[in-house]
2 protein chains.
Amino acid sequence: MPETAELVITGCAALVHDADGEVTFAEDAGIVVRGGAIAAVTTVEQAARVPADEVIDGRGCVAMPGLVNCHTHAPMVALRGFAEDVPIETWFNDWIWPVESNLTDRDVELGALLACAEMIRGGVTTFADHYFAMDRVAAAVDSSGLRAQLGWAYFSSQGPEGRERSLDFALRQRGAAGGRITTCLAPHAPYTVDEADLAATAALAVEHGLPVHLHAAENQEQTDTAVARTGHTPIETLRRAGLLGTDLLIAHATGVTDDDIALLGAADGRIGVATAPRGYLKFGWGTTPVRALSAAGIPVGLATDGAASNNSLDVWESLALTSLVQKSTEKDPAWLTSRRALRHATTESAAVVGLGDAVGTLAPGHRADIILVDLSGPHTQPVHDLAATLVHSARAADVRTTIVDGRVLMRDRRLLTVDVPAVAAELSERLPALTERREGRRIQEYDT
Amino acid sequence: MPETAELVITGCAALVHDADGEVTFAEDAGIVVRGGAIAAVTTVEQAARVPADEVIDGRGCVAMPGLVNCHTHAPMVALRGFAEDVPIETWFNDWIWPVESNLTDRDVELGALLACAEMIRGGVTTFADHYFAMDRVAAAVDSSGLRAQLGWAYFSSQGPEGRERSLDFALRQRGAAGGRITTCLAPHAPYTVDEADLAATAALAVEHGLPVHLHAAENQEQTDTAVARTGHTPIETLRRAGLLGTDLLIAHATGVTDDDIALLGAADGRIGVATAPRGYLKFGWGTTPVRALSAAGIPVGLATDGAASNNSLDVWESLALTSLVQKSTEKDPAWLTSRRALRHATTESAAVVGLGDAVGTLAPGHRADIILVDLSGPHTQPVHDLAATLVHSARAADVRTTIVDGRVLMRDRRLLTVDVPAVAAELSERLPALTERREGRRIQEYDT
């Protein structure tokens with residue numbers, strides 16, 4: 001008689017990875033969860049014999065690793081749709097950075113809770129967050145049941161206090177929420193954090209065994225300006241500061257040069273890049289060179305950026321757009337197939353947030369971060385190719401069930417851990433105070 | 001005491017158009033429907049006083065004109081995900097045109113029914129369809145309750161019978177389904193229908209007062225090849241054939257030149273263009289030049305193309321992608337604002353399918369083709385700008401209720417007119433016969 005499982009999922013197709021790490025599918029599968037981890041991905045017959053506290057009927061669904069949002073600013077959902085149809089410098093200087101000077105801890109917590117609800121409903125089980133008042137984000141992660149890598153952002157304009165606060169947060173919250181919270185140091189970007197401060201960050205990262213998460217080479221103009229001002233690209237600045245020797249999560253990287261990519265490929269640290277293609281289209285930028293980064297051995301994970309620019313935390317849309325925009329940019333319809341896109345969404349995204357050994361694949365021993373995607377809707381029928389159906393036909397709203405660490409956070413589209421009407425109502429009351437823009441008041445100046 | 005209404009919607013925001021045709025929103029609105037038409041868009045208080053057979057509580061929703069899918073091949077949902085990650089010539093010659101030689105009337109009807117279900121669930125109330133066995137598509141339109149402009153496609157390789165069948169269908173089905181079906185002539189494209197056949201089509205269109213719907217200048221390569229072979233761009237060929245004097249719906253037009261756009265702007269006929277941006281990304285093409293077409297006075301409507309290339313009939317995604325891709329292509333984040341995108345989705349799309357006087361705006365006298373979009377989800381909260389929320393945050397799955405001609409086709413996400421499990425099951429049984437590819441057998445050859 002096998003040991004009792006806390007959860008068994010039966011009768012689904014399961015997205016698994018073969019020995020080469022390629023995405024494949026097991027049909028009529030069963031998944032056994034014990035101790036918050038995946039105990040087995042087996043046949044439906046084998047799974048049916050396991051005594052279980054809870055059984056989920058997965059017929060009509062694909063079970064797959066929960067999605068990872070590799071770069072976001074979760075609390076910025078409060079500013080979703082607030083700053084529209086403007087270029088990046090106007091977006092920062094006239095809209096976002098002025099109102100972020102009004103942010104309260106409660107605004108951050110409510111935004112983070114709403115963001116967690118949105119991500120759970122969209123099949124995201126892990127997110128990498130880069131923002132302020134991060135203890136409030138950690139509280140939202142704890143209560144919502146999600147997994148997150150959290151970093152408290154800083155600018156050099158804040159003096160050494162910014163960096164010290166980021167370190168203090170990272171050391172205090174590391175391993176919180178039953179181990180679901182990991183932490184990092186979070187300098188904003190090479191254009192807002194100077195090279196000395198970046199070098200100090202690199203030293204702290206090595207000393208304390210912390211990863212670093214920052215924006216770099218967000219667009220070509222930033223790279224061009226950096227070269228004109230300093231003689232170096234933003235990626236060269238990271239190398240000079242010692243950051244390429246750390247575990248480094250670089251957001252965007254649409255403005256990297258071929259030499260930059262070579263530097264990243266030769267780095268001693270574990271480098272990952274997060275791509276959030278929707279915002280690049282909206283701002284009229286180029287996109288992350290996924291093909292060249294992949295060729296250099298750099299994992300590329302999927303992200304949404306914050307909802308103030310991206311308008312949603314819909315990683316499912318990032319998955320589809322990554323496939324579409326990469327085919328378009330490379331002018332090669334055979335590139336970035338659906339299976340490859342799903343690899344970016346699973347194992348590569350997990351690697352980018354430093355959790356490649358814990359999540360991103362339905363392999364025994366990995367944490368049980370699982371989503372069930374319902375393919376019975378008219379828009380996902382018939383199925384000729386499960387990978388294409390997932391990438392190009394399914395939508396975030398097709399996620400029926402979201403599980404983290406073996407705990408069900410959404411069942412049959414019902415959220416179990418966040419009270420959305422209460423959070424949205426309180427947040428709406430606070431918006432007039434949050435969105436007041438006062439002359440000359442902003443947390444930082446955008447001037448690359 | 002006001003006359004009884006068949007339907008009253010209360011307490012919603014309503015997307016309406018001002019005197020200049022610009023999109024705006026009426027808050028706390030009520031909508032009164034009589035005789036399948038919009039009788040009034042008024043205040044919630046006024047609407048509450050109207051006796052009604054049915055009252056829908058629209059609180060938390062935006063009421064807006066149903067979406068129009070300006071160019072699709074609905075039955076091709078049967079081939080969704082069948083031909084992936086290949087260039088257009090392989091897609092046609094090795095995958096789609098071989099298996100379309102197996103198509104039966106029943107395949108077409110099942111595909112059309114599944115497509116209608118998908119469109120109703122995604123808030124589409126009208127679609128322009130261009131395919132074969134169109135009596136079966138008309139039957140699906142009739143039973144599903146949707147509105148459609150239908151055309152039976154033909155190639156010159158079929159001889160005069162192709163054109164004659166298209167005309168016969170257009171004359172027989174014009175005004176069917178209680179007036180919800182309009183018809184057109186449907187030559188495939190200038191690369192598959194010769195100039196003499198196009199000229200004969202133009203003459204028939206004028207003689208019978210029928211619009212024409214075709215593919216043209218689908219991509220730059222087609223235009224370049226046409227110029228090399230014939231000395232004319234595809235659009236010049238349409239002009240020479242007399243088609244620019246008809247009411248003409250051109251699908252795609254990503255390969256039009258500046259001279260072509262001037263020709264279209266100066267045309268005597270009522271010209272419209274349908275843009276289906278997802279497929280252009282997937283094939284690595286350029287996109288429809290919406291800005292230049294708009295400047296020339298050409299309405300541009302939203303479309304999905306068939307699901308065999310686009311993978312879905314999600315016009316909501318076309319709305320978001322049109323905004324994103326146009327900003328990206330023009331490298332201008334201030335271009336194609338959300339309000340402008342919504343104009344393309346409403347009045348311009350209605351004009352493109354020849355129904356500008358009947359649908360596309362919630363104005364008294366227009367048909368009551370209305371959708372209710374639920375904005376209470378975490379991904380659409382808070383709302384700073386209704387237009388941005390609709391274009392960039394809302395998704396097809398947020399459509400709660402779909403109404404055509406005053407008849408509710410989906411209520412609270414429940415489809416009322418199509419039995420999806422039965423249709424999907426029968427279609428799945430037929431797929432092996434449909435997808436068999438036999439040596440040398442195809443309905444047409446792609447060779448621009």
Side-chain angles (χ1 to χ4, degrees), chain A residues 77-82 84-88 114-115 117-118 121-122 278 280-285 307 311-314 323-325 327-328 330-335 337-338 376-385 388-389 392-393 395-398 415 418 420-421 423-424 427-428 431 435, chain B residues 77-82 84-88 114-115 117-118 121-122 278 280-285 307 311-314 323-325 327-328 330-335 337-338 376-385 388-389 392-393 395-398 415 418 420-421 423-424 427-428 431 435:
Chain A
V77 295
L79 301 174
R80 184 199 311 277
F82 174 65
E84 292 294 305
D85 305 316
V86 292
I88 186 72
L114 192 65
E118 178 180 356
R121 277 177 63 90
R278 184 185 225 284
Y280 315 150
L281 294 170
K282 202 168 170 214
F283 281 131
W285 300 352
N311 299 71
S312 87
L313 305 180
D314 184 347
S323 169
L324 295 171
V325 170
K327 287 173 183 287
S328 170
E330 301 284 348
K331 293 194 175 24
D332 182 359
W335 162 243
T337 63
S338 294
S376 66
H379 60 295
T380 44
Q381 286 293 317
V383 177
H384 289 282
D385 172 349
T389 301
H392 293 298
S393 301
R395 298 289 185 266
D398 297 320
L415 284 173
V418 186
V420 171
V423 169
L427 185 61
S428 285
L431 290 181
T435 57
Chain B
V77 296
L79 301 173
R80 183 199 312 276
F82 173 65
E84 293 293 305
D85 305 316
V86 292
I88 185 73
L114 192 63
E118 178 180 356
R121 277 177 63 90
R278 184 185 224 285
Y280 314 150
L281 294 170
K282 201 168 171 216
F283 280 131
W285 299 351
N311 299 70
S312 87
L313 305 179
D314 183 348
S323 170
L324 294 171
V325 170
K327 286 173 184 287
S328 171
E330 300 284 348
K331 295 195 175 21
D332 181 359
W335 163 242
T337 63
S338 294
S376 66
H379 61 294
T380 43
Q381 287 293 317
V383 176
H384 289 282
D385 171 349
T389 301
H392 292 297
S393 301
R395 299 288 185 266
D398 296 319
L415 283 173
V418 186
V420 171
V423 169
L427 185 60
S428 285
L431 290 182
T435 56

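Letters go in sequence order (proteins before strands), and every chain restarts at 1. Predicted model only: the values in this text are computed from it and were never measured. Below, all heavy atoms of this structure are taken into account, side chains as well, without hydrogens, waters or symmetry copies.
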Give the C-alpha distance, both sets of side-chain angles, the deciding distance and a yes or no for side chain to side chain donor-acceptor pair (under 3.5 Å) between N311(B) and H379(A). CA-CA 8 Å; N311(B) 299 70; H379(A) 60 295; over 6 Å; no

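For R80(A), the parts lying under 4.5 angstrom from a heavy atom of chain B are both the backbone and the side chain. Looking at T389(A), there are no atoms closer than 4.5 Å to chain B (heavy atoms on both sides), in backbone or side chain. Proximity to chain B is limited to the backbone of S376(A), based on heavy atoms less than 4.5 angstrom apart. Both the backbone and the side chain of Q381(A) have a heavy atom closer than 4.5 Å to some heavy atom of chain B. Using a 4.5 Å cut-off between heavy atoms, L431(A) touches chain B through its side chain atoms alone. Looking at S393(B), the atoms closer than 4.5 Å to chain A (heavy atoms on both sides) sit in the backbone and in the side chain alike.
Between chain B and the options L427(A), V423(A), V420(A), V383(A), heavy-atom pairs under 4.5 Å are most frequent for V420(A). The residue among E330(B), R278(B), E84(B) with the most heavy atom pairs within less than 4.5 Å of chain A is R278(B).
Note that OG of S328(A) is 14.0 Å distant from CH2 of W335(A), once rounded to the nearest 0.5 Å.
In summary, D314(A) and R395(A) do not engage in a salt bridge, as defined by a charged side-chain N under 4.0 Å from a carboxylate O. Salt-bridge annotation for D85(A) and K327(B): present, with a side-chain N of the basic residue lying under 4.0 Å from a carboxylate O of the acidic one.
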